[in-house]
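Note sheet for the following structure.
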Amino acid sequence: MTVRARFAPSPTGLLHIGSARTALFNYLFARHHGGEFLLRIEDTDRERSTEAATHVIIEGLEWLGITPDQLPVFQSTRMARHAEVARQMLASGHAYNCYCTAEELRQMREQALAEGRSPRYDGRWRDRDPAEAPPGVAPAIRLRAPRGGETVVEDLVQATVRVANAELDDMIILRSDGTPTYNHSVVVDDHDMGITNVIRGDDHLTNTFRQVQIYQAMGWELPRFAHIPLIHGADGAKLSKRHGAVSVLEFREQGYLPEALCNYLLRLGWGHGDLEVLDRDEAIRLFDLDGVGRAPSRMDYAKLTHLNGIYIRQADDDRLMREVLERLAHRTDLALGSKAAARIRALMPELKQRAKTLVELADAAAFLAHPLPLPMEPKAAAVLTPEARIILREIAGALAKTDFTPASIDAALRDFAATTGRKLGQVAQPLRAALTGSTASPGIDATLAALGKEEALARIEAVT
RNA sequence: GUCCCGUUCGUCUAGAGGCCUAGGACACCAGCCUUUCACGUUGGUAACACGGGUUCGAAUCCCGUACGGGACGCCA
């Protein structure tokens with residue numbers, strides 16, 4: 001049978017990093033098995049669902065390169081079907097009408113908790129004569145769940161998980177206003193969409209027992225389930241804002257490359273020997289559920305950042321150029337003309353060796369676009385001693401005679417250092433300060449060459 | 001409270017009874033490279049939660065304990 005997996009987020013705000021990993025695993029699983037990957041937006045809660053949130057999800061997935069094979073299914077469009085199935089279950093005796101009020105249920109829960117019991121519906125309408133129904137009260141439809149025995153889930157990650165049916169109550173599948181509940185619509189949709197593998201967060205594991213009961217009541221074939229552990233923050237608690245970025249689009253803003261984020265997310269909770277860095281094709285080739293761990297893992301921003309550095313170094317210069325220009329565009333202190341752009345482009349092969357995020361890359365490139373006078377970092381200003389300025393004037397003369405290729409610059413600098421009896425560092429650091437306003441930059445010959453003779457000499461002139 | 005799940009270096013993981021004096025990666029520390037900063041490279045610190053079994057032999061199997069997480073809505 002052809003594999004069909006799906007990612008089914010509810011559009012209630014942002015695309016969480018944990019959800020993104022769930023989506024990635026579903027995508028990789030489907031691709032690995034030559035199957036299909038679908039997207040279903042679970043927007044049945046009209047109070048919380050917004051169109052903007054749906055866009056955030058789609059945009060986030062697109063950025064990560066996790067693209068569904070079909071147009072997304074909106075769960076809200078399928079509510080009539082969900083109700084239809086609920087009524088079928090009513091007709092077949094697998095469900096019944098419950099006339100309890102919200103207040104009645106609240107009391108039931110409180111009393112159970114007070115008595116140290118599990119807060120469950122007591123089944124008071126399960127076998128009651130519908131003729132006793134209070135007038136004017138619209139009933140909710142409840143699943144007539146099996147009372148004895150147990151429900152078993154053969155989970156591809158968690159192995160066999162079982163629970164006594166006595167632990168489960170008769171859950172509502174259709175609300176009194178005729179709308180379906182989550183567990184019900186998920187089952188109906190997964191069945192109707194022909195989903196073969198349900199891969200989702202661990203937090204759904206206990207829902208699965210109830211969902212299995214619906215499959216059984218309808219006589220539908222069960223999909224294979226796989227519950228992957230959640231991602232936690234560095235302190236082991238549920239990942240939230242206070243741990244740092246959690247929204248996928250936030251990572252984009254902070255200068256992470258989608259392939260780095262995917263690589264990191266893949267290795268979080270999944271392993272394949274000693275492999276750390278693997279691209280999309282390799283991930284598809286190697287990914288399977290048996291490599292997924294069972295314990296929750298903690299988000300480690302340092303490791304993500306390290307991976308990001310690797311991907312930035314590998315990235316295409318023109319692509320990085322676009323990213324940097326975009327990030328520098330809002331800076332009013334820069335003069336981002338074609339000359340500046342050309343300088344950045346020229347130095348990009350050097351710059352990208354040193355940046356771990358696109359934000360760092362843009363910052364490191366900014367000096368190339370800065371009009372004179374250059375702002376000086378305190379450390380750089382300290383380098384420009386009176387003696388250093390004298391050296392700079394002499395070097396400027398030597399440099400002016402070269403054709404300004406990195407090789408000729410390097411030769412001129414070395415020659416100057418040798419003939420004046422100085423170390424290269426004594427020559428390079430004042431130059432770096434004058435040229436960049438900083439004490440850290442790419443190699444001085446490449447920096448000079450990228451700046452061009454005219455600009456470079458002007459910058460030296462400006463400080464001497 | 002009840003039910004379900006989990007537990008290998010600080011973190012992510014390798015490990016399917018002997019290959020483990022437990023391997024890799026990030027982070028950290030020290031050295032090398034070097035015109036700065038990175039990169040790279042060499043080395044180092046650092047873990048099988050605890051207690052019982054089973055076995056000739058257990059990180060690996062079983063049972064408890066502790067700790068952690070998840071779920072218990074007419075939310076999804």
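Per chain, numbering begins at 1; letters A, B, ... match sequence-line order.
As the counterpart of C9(B), no nucleotide is assigned, since no Watson-Crick or G-U wobble pattern has both distances under 3.5 Å. Base pairing annotation: C3(B) forms a Watson-Crick or G-U wobble pair with G70(B), both donor-acceptor distances under 3.5 Å. When both pairing distances are held under 3.5 Å, A58(B) makes no Watson-Crick or G-U pair with any nucleotide shown. Across all strands shown, A49(B) pairs with U65(B); the Watson-Crick or G-U wobble distances both stay below 3.5 Å. Nucleotide U21(B) is matched to nothing when pairs are restricted to Watson-Crick or G-U wobble geometry with both distances under 3.5 angstrom. Judged by Watson-Crick or G-U wobble contacts below 3.5 Å, the nucleotide G40(B) has C32(B) as its partner. Within the shown strands, nothing qualifies as a pairing partner of A14(B) under the Watson-Crick or G-U definition with both distances less than 3.5 Å.
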Report all side-chain donor-acceptor pairs from residues 290-304 of chain A shorter than 3.5 Å, counting only partners two or more places apart or in another chain.
{"from": "Arg298(A)", "atom 1": "NH1", "to": "Ala234(A)", "atom 2": "O", "distance (Å)": "2.9"}
{"from": "Asp300(A)", "atom 1": "OD1", "to": "Ala302(A)", "atom 2": "N", "distance (Å)": "3.1"}
{"from": "Tyr301(A)", "atom 1": "OH", "to": "His243(A)", "atom 2": "O", "distance (Å)": "3.3"}
{"from": "Tyr301(A)", "atom 1": "OH", "to": "Ala245(A)", "atom 2": "O", "distance (Å)": "2.8"}
{"from": "Lys303(A)", "atom 1": "NZ", "to": "Glu276(A)", "atom 2": "OE1", "distance (Å)": "3.4"}

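At whole-Å resolution of the value, CG in Asp274(A) and C1' in A25(B) are 8 Å apart. The CG-C1' distance, from Leu156(A) to C5(B), rounds to 16 Å in whole Å. Between the P atom of U36(B) and the CG atom of Leu384(A) lies a distance of 17 Å, rounded to the nearest Å. The OH atom of Tyr264(A) sits 12 Å away from the P atom of A27(B) (whole-angstrom rounding). Rounded to whole Å, atom P of A27(B) lies 9 Å from atom CG of Asp300(A). Straight-line distance from the CG atom of Leu304(A) to the P atom of A25(B): 18 Å, rounded to whole Å. Distance CG (Leu307(A)) to C1' (C26(B)): 9 Å, rounded to an integer number of Å. Residue Gln158(A) contributes atom CD, which lies 9 Å from atom P of U7(B) at whole-angstrom precision.
Between the side chains of Thr179(A) and Arg175(A), at least one donor N or O sits under 3.5 Å from an acceptor N or O. Side-chain contact of Asp43(A) with Gln75(A): a donor-acceptor pair under 3.5 Å is absent, judged by distance alone. Checking Tyr264(A) against Asn308(A) by side-chain atom types alone, no donor-acceptor pair falls below 3.5 Å. In the model, His227(A) has no side-chain atom that pairs as donor or acceptor with a side-chain atom of Asp203(A) under 3.5 Å. Checked by atom type, the side-chain pair Gln111(A)/Gln107(A) shows no donor-acceptor distance below 3.5 Å.
Taking atom C1' on both nucleotides, G15(B) is separated from U8(B) by 9 Å, rounded to a whole Å. Remark: the separation of the C1' atoms in A59(B) and C50(B) is 14 Å, to the nearest Å. A gap of 10 Å separates the C1' atoms of C61(B) and U55(B), to the nearest Å. Taking atom C1' in both C19(B) and C33(B), the straight-line distance is 37 Å, to the nearest Å. Across the C1' atoms, G10(B) and A16(B) are found 27 Å apart, a figure rounded to whole Å. Rounded to whole Å, the C1' atom of U7(B) lies 12 Å from the corresponding atom of A47(B). Between A14(B) and A25(B), the two P atoms lie 15 Å apart (nearest whole Å). Using P as the reference atom, C5(B) and C9(B) are 23 Å apart when rounded to the nearest Å.
The listed nucleotides are A27(B), U13(B), U11(B); the one nearest the side chain of Ala302(A) is A27(B). The side chain of Glu276(A) lies closest to G24(B) when the candidates are C12(B), C4(B), G24(B).
Between the side chain of His32(A) and the backbone N or O of Arg285(A), at least one donor-acceptor pair lies under 3.5 Å. Listed for the Glu104(A) side chain is no donor-acceptor partner under 3.5 Å among the backbone atoms of Cys100(A). The backbone N or O of Thr12(A) sits nowhere less than 3.5 Å from a side-chain atom of Ser10(A) that would complete a donor-acceptor pair.
Annotation: salt bridge (Lys or Arg N to Asp or Glu O under 4.0 Å) contacts of Asp122(A) (sequence neighbours excluded): Arg124(A). Listed by chain and number, the residues in a salt bridge (Lys or Arg N to Asp or Glu O under 4.0 Å) with Arg142(A) amount to none (sequence neighbours excluded).
Taking a cutoff of 4.0 Å between a charged side-chain nitrogen and a carboxylate oxygen, Asp169(A) and Arg147(A) do not qualify as a salt bridge.
A distance below 6.0 Å separates the ring centres of Phe287(A) and Phe25(A).
Listed by residue number, Leu424(A), Gly425(A), Ala428(A), Gln429(A) are the residues of residues 418-430 of chain A with a heavy-atom contact under 4.0 Å to RNA chain B.
Atom CZ of Arg224(A) has 12 or fewer neighbouring heavy atoms from other residues, nucleotides or ligands inside a 6.0 Å radius.
Contact annotation: side chain of Arg294(A) to base of U7(B), donor-acceptor pair absent below 3.5 Å.
Counting any heavy atom pair closer than 4.0 Å across all strands shown, Leu268(A) reaches sugar-phosphate atoms only and no base atom.
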Under 3.5 Å between N/O atoms: give me all the protein pairs with nucleotides 37-43 of chain B, atom names plus distance.
{"from": "C37(B)", "atom 1": "O2", "to": "Arg354(A)", "atom 2": "NE", "distance (Å)": "2.5"}
{"from": "C37(B)", "atom 1": "N3", "to": "Arg354(A)", "atom 2": "NE", "distance (Å)": "3.2"}
{"from": "C37(B)", "atom 1": "N3", "to": "Arg354(A)", "atom 2": "NH2", "distance (Å)": "3.1"}
{"from": "A38(B)", "atom 1": "O2'", "to": "Gln353(A)", "atom 2": "O", "distance (Å)": "3.1"}
{"from": "C39(B)", "atom 1": "OP1", "to": "Lys356(A)", "atom 2": "NZ", "distance (Å)": "3.4"}
{"from": "C39(B)", "atom 1": "O3'", "to": "Arg313(A)", "atom 2": "NH1", "distance (Å)": "3.3"}

### Message
For nucleotides 68-76 of chain B, give me one character per nucleotide, 5' to 3': B if any protein heavy atom sits under 4.0 Å from the base, S if the only such contacts are to the sugar-phosphate, - if neither.
### Response
-SBSBSBBB
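Map Val161(A) and Ser297(A) each onto its nearest nucleotide of RNA chain B; the residue landing nearer the 5' end is Val161(A).
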